[in-house]
Q: 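Below is the structure I would like to discuss, written out as structure tokens.
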Amino acid sequence: MDGGNMSIPRFTNTDFAVFQVEGLESRMAKLKEHIQPKFAAIGEEVATFLTTLIQDPFYIHIAKHARRTVNPPDETWVAWATNKRGYKAYPHFQFGLRDSHLFIWFALIYECDRKPAFARQFLAKFDEVWPNIPKYFYISQDHTRPEVTSVNNLQPDEVKTILERLEKVKKAEFLCGTLIPKEEAVTLSGEMLINKIEDTFNKVYPLYQLASTL
């Protein structure tokens with residue numbers, strides 16, 4: 001941790017290396033030891049920020065990967081939602097890591113029933129909303145897979161196709177935000193990381209509004 005009593009943890013090569021640990025139990029032990037305490041500290045900081053930004057209490061949900069029985073997780077995360085019991089069924093925010101990068105997302109995943117209405121709202125206000133999404137952001141259509149598409153490489157018609165699929169296909173997902181490559185992530189202080197997370201959430205806040213004011 002950085003100096004000071006209220007310090008924010010930073011991420012190191014050791015943290016990213018947990019995904020090289022073989023076996024579900026061994027990897028989960030490392031996640032609990034190295035990663036989840038950092039998620040708890042970052043979670044508190046960002047929950048306060050989101051609660052102030054959105055004027056609704058936000059609760060912290062650290063991924064437990066409880067449904068896994070054999071395969072160890074390839075990524076792990078902390079999520080923030082306005083529901084105390086869970087986040088998957090709600091529009092939410094995520095921060096987490098894979099072996100190659102950190103990710104910072106606004107997320108609507110498979111369990112969220114707001115996806116069709118969000119897609120319709122987004123399409124209706126497309127010319128107002130889409131130009132304000134930074135070109136260095138990414139879109140993911142499946143939170144379980146590492147593949148993402150750069151906003152810079154997406155034409156408006158392609159984005160509309162993604163949204164139309166989100167409206168019609170029950171298992172479709174939509175995540176928007178930024179990635180921080182491991183090489184950059186390990187150079188960031190805890191405070192710099194918090195600033196990046198909060199800046200990203202500020203920029204995707206209009207998407208959260210589309211999903212929440214239905």
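Throughout, numbering of the chain's residues begins at 1 and tracks the sequence.
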Q: With a 4.5 Å cut-off on side-chain heavy-atom distances among I, L, V, M, F, W and Y, is there a chain of contacts connecting I62 to Y90?
A: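 Not linked; separate clusters.
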Q: Surrounding NZ of K64 (heavy atoms of other residues, nucleotides or ligands, distance under 6.0 Å), is the total greater than 12?
A: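 Yes.
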Q: Show the nearest heavy-atom pair for residues D99 and F19, with the distance to one decimal.
A: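 Smallest interatomic distance, heavy atoms only, reads N-CD1, 3.7 Å.
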Q: Quick one: pull up CZ in R67 and OG1 in T69 and give me the separation to the nearest 0.5 Å.
A: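 Here the rounded value is 12.0 Å.
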Q: Is it true that V148 and V159 fall in one hydrophobic cluster, defined by side-chain heavy atoms closer than 4.5 Å?
A: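 Per the 4.5 Å side-chain linkage, V148 and V159 are not co-clustered.
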Q: Among W77, F174, Y87, F58, find the one that has a ring pair (Phe, Tyr, Trp, His ring centres under 6.0 Å) with H92.
A: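 Of the listed residues W77, F174, Y87, F58, the ring pair (Phe, Tyr, Trp, His ring centres under 6.0 Å) partner of H92 is Y87.
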Q: Heavy-atom count check: over 12 atoms from other residues, nucleotides or ligands less than 6.0 Å from E33 CD?
A: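 Atom CD in E33 is packed in, count exceeds 12.
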Q: Report yes if the side chains of K196 and I180 come closer than 4.5 Å at any heavy-atom pair, otherwise no.
A: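 With C-beta onward as the side chain, the pair touches.
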Q: For the pair R68 and E25, find out whether any cationic side-chain nitrogen is under 4.0 Å from an anionic carboxylate oxygen.
A: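 Answer for the salt bridge query: no.
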Q: Report yes or no: do T14 and H34 form a side-chain donor-acceptor pair below 3.5 Å?
A: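 On atom types as modelled, these side chains do not qualify, holding no pair under 3.5 Å.
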Q: Can V151 be reached from F106 by stepping across I, L, V, M, F, W or Y side chains whose heavy atoms are under 4.5 Å apart?
A: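 Same cluster.
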Q: Any cation-pi pair here, K203 with F137, using under 6.0 Å and within 45°?
A: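 No cation-pi geometry.
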Q: Tell me if the aromatic rings of F95 and F11 count as close, with their centers under 6.0 Å from one another.
A: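 Ring-ring flag for F95/F11: true, centres closer than 6.0 Å.
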Q: Does G23 offer a backbone N or O that forms a donor-acceptor pair with the side chain of S26 under 3.5 Å?
A: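 The answer is no, because no donor-acceptor pair under 3.5 Å joins these two groups.
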Q: Using a distance-only test with no angle check, is there a side-chain donor-acceptor pair under 3.5 angstrom linking S150 and N152?
A: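 The criterion, which ignores hydrogens and geometry beyond distance, is not satisfied for N152 and S150.
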Q: So, K182 side chain and F16 main chain: donor-acceptor pair closer than 3.5 Å or not?
A: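 No; judged by distance alone, with no hydrogens or angles, the pair does not exist.
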Q: Side chains of D56 and T51: closer than 4.5 Å at any heavy-atom pair?
A: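 Not touching, per the 4.5 Å side-chain cut-off.
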Q: Does the pair R120 and E167 meet the rule for a salt bridge (charged side-chain N to carboxylate O under 4.0 Å, His left out), with working shown?
A: CA-CA 7 Å; R120 288 191 293 270; E167 182 181 1; 3.3 Å; yes
Q: In this structure, would I109 and V169 fall into the same cluster of hydrophobic residues linked by side-chain contacts under 4.5 Å?
A: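 No; tracing contacts between hydrophobic side chains, which count when under 4.5 Å, never links both residues.
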Q: Identify the heavy atoms of L24 and N71 that sit nearest to each other, and give their distance.
A: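 L24 and N71 have their closest heavy atoms at CD1-O, 3.7 Å.
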Q: Answer yes if L175 and V129 sit in the same cluster of Ile, Leu, Val, Met, Phe, Trp and Tyr residues linked by side chain heavy atoms under 4.5 Å apart, and no otherwise.
A: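 Each belongs to a different hydrophobic cluster.
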Q: Has the side chain of E158 got a donor or acceptor atom that lies under 3.5 Å from a matching backbone atom of Q155?
A: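 Judged by distance alone, yes, a pair lies under 3.5 Å.
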Q: Quick check: closest heavy atoms across Y138 and T178, and the distance to 0.1 Å?
A: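 Of all heavy-atom pairs spanning Y138 and T178, the closest is CD1-CA, 4.4 Å.
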Q: Work out which heavy atom in F118 is nearest to a heavy atom in L207; give both atom names and the distance.
A: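 Closest approach of F118 to L207: CE1-O, 3.4 Å.
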Q: So does T149 get a backbone contact from the side chain of N153, meaning a donor-acceptor N/O pair under 3.5 Å?
A: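 A pair under 3.5 Å: no.
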Q: Around K30, counting heavy atoms of other residues, nucleotides and ligands shown, do more than 12 lie under 6.0 Å from its NZ?
A: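 Count not over threshold, so no.
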Q: For a 4.5 angstrom cut-off between non-hydrogen side-chain atoms, does D142 reach E147?
A: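 Side-chain contact under 4.5 Å: no.
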Q: In Å, rounded to the nearest 0.5 Å, how long is the span from CG of L50 to CD of Q55?
A: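 Reported value, rounded in 0.5 Å steps: 11.5 Å.
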Q: So which of F201, Y59, W105, Y208 actually passes ring pair (Phe, Tyr, Trp, His ring centres under 6.0 Å) with W80?
A: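 Exactly one candidate clears the test, F201.
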Q: Nearest 0.5 Å, please: how far is CH2 in W130 from CZ in F122?
A: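 Atom-to-atom, F122:CZ and W130:CH2 are 6.0 Å apart.
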Q: Test L193 against L102 for side-chain contact (heavy atoms from CB on, under 4.5 Å), laying out the working first.
A: CA-CA 10 Å; L193 179 59; L102 300 173; 3.8 Å; yes
Q: Output yes when a side-chain donor or acceptor of Q36 lies under 3.5 Å from a complementary backbone atom of L31, and no otherwise.
A: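 No; judged by distance alone, with no hydrogens or angles, the pair does not exist.
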Q: Would you check if I60 and V78 make a side-chain contact, meaning some heavy-atom pair closer than 4.5 Å?
A: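 Yes, their side chains come closer than 4.5 Å.
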Q: When rounded to the nearest 0.5 angstrom, what distance separates CG in L188 from CD1 in I8?
A: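 It is 13.5 Å, given to the nearest 0.5 Å.
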Q: Flag the pair R10 / M192 as yes when at least one side-chain heavy-atom distance between them is below 4.5 Å, and no otherwise.
A: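 With C-beta onward as the side chain, the pair stays apart.
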Q: Can a donor-acceptor pair be found, under 3.5 Å and without considering hydrogens, that links the side chain of K115 to the backbone of A172?
A: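 Flag set: sc K115 to bb A172 pair under 3.5 Å.
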Q: So, does H143 use its side chain to make a donor-acceptor pair with the main chain of Y110 at under 3.5 Å?
A: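 Judged by distance alone, no pair lies under 3.5 Å.
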Q: With the side chain counted from C-beta on, respond yes when I197 and F93 share a heavy-atom pair under 4.5 Å apart, and no when they do not.
A: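 I197 vs F93: side chains apart.
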Q: Looking only at heavy atoms, which two atoms of L123 and E164 are closest? And how far apart?
A: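 Closest pair (atom of L123, atom of E164, distance): CD1-CG, 4.1 Å.
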Q: Judged by atom type as modelled, is there a donor-acceptor pair below 3.5 Å linking the side chain of R114 to the main-chain atoms of P91?
A: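 The answer is no, because no donor-acceptor pair under 3.5 Å joins these two groups.
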Q: First locate atom CG of L166, then atom NZ of K168, and finally report the distance between them rounded to the nearest 0.5 Å.
A: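 Reported value, rounded in 0.5 Å steps: 10.5 Å.
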Q: Is the shortest heavy-atom distance from the side chain of E75 to the side chain of F103 under 4.5 Å?
A: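 When only atoms from C-beta onward are counted, F103 and E75 do touch, with a gap below 4.5 Å.
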Q: Considering non-hydrogen atoms only, spot the tightest contact between T12 and V186 and give its length.
A: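 Smallest heavy-atom distance, with atoms named: C-CG1, 3.7 Å.
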Q: Quick one, F49 and N202 - any side-chain contact, counting heavy atoms below 4.5 Å?
A: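 The answer is yes; the side chains approach within 4.5 Å.
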Q: Do the side chain of R27 and the main chain of E22 share a donor and acceptor less than 3.5 angstrom apart?
A: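 Pair absent, no side-chain N/O of R27 close to backbone of E22.
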Q: Can you tell me how far the CD atom of E191 sits from the OG atom of S7, to the nearest 0.5 Å?
A: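 E191 atom CD to S7 atom OG measures 7.5 Å (nearest 0.5 Å).
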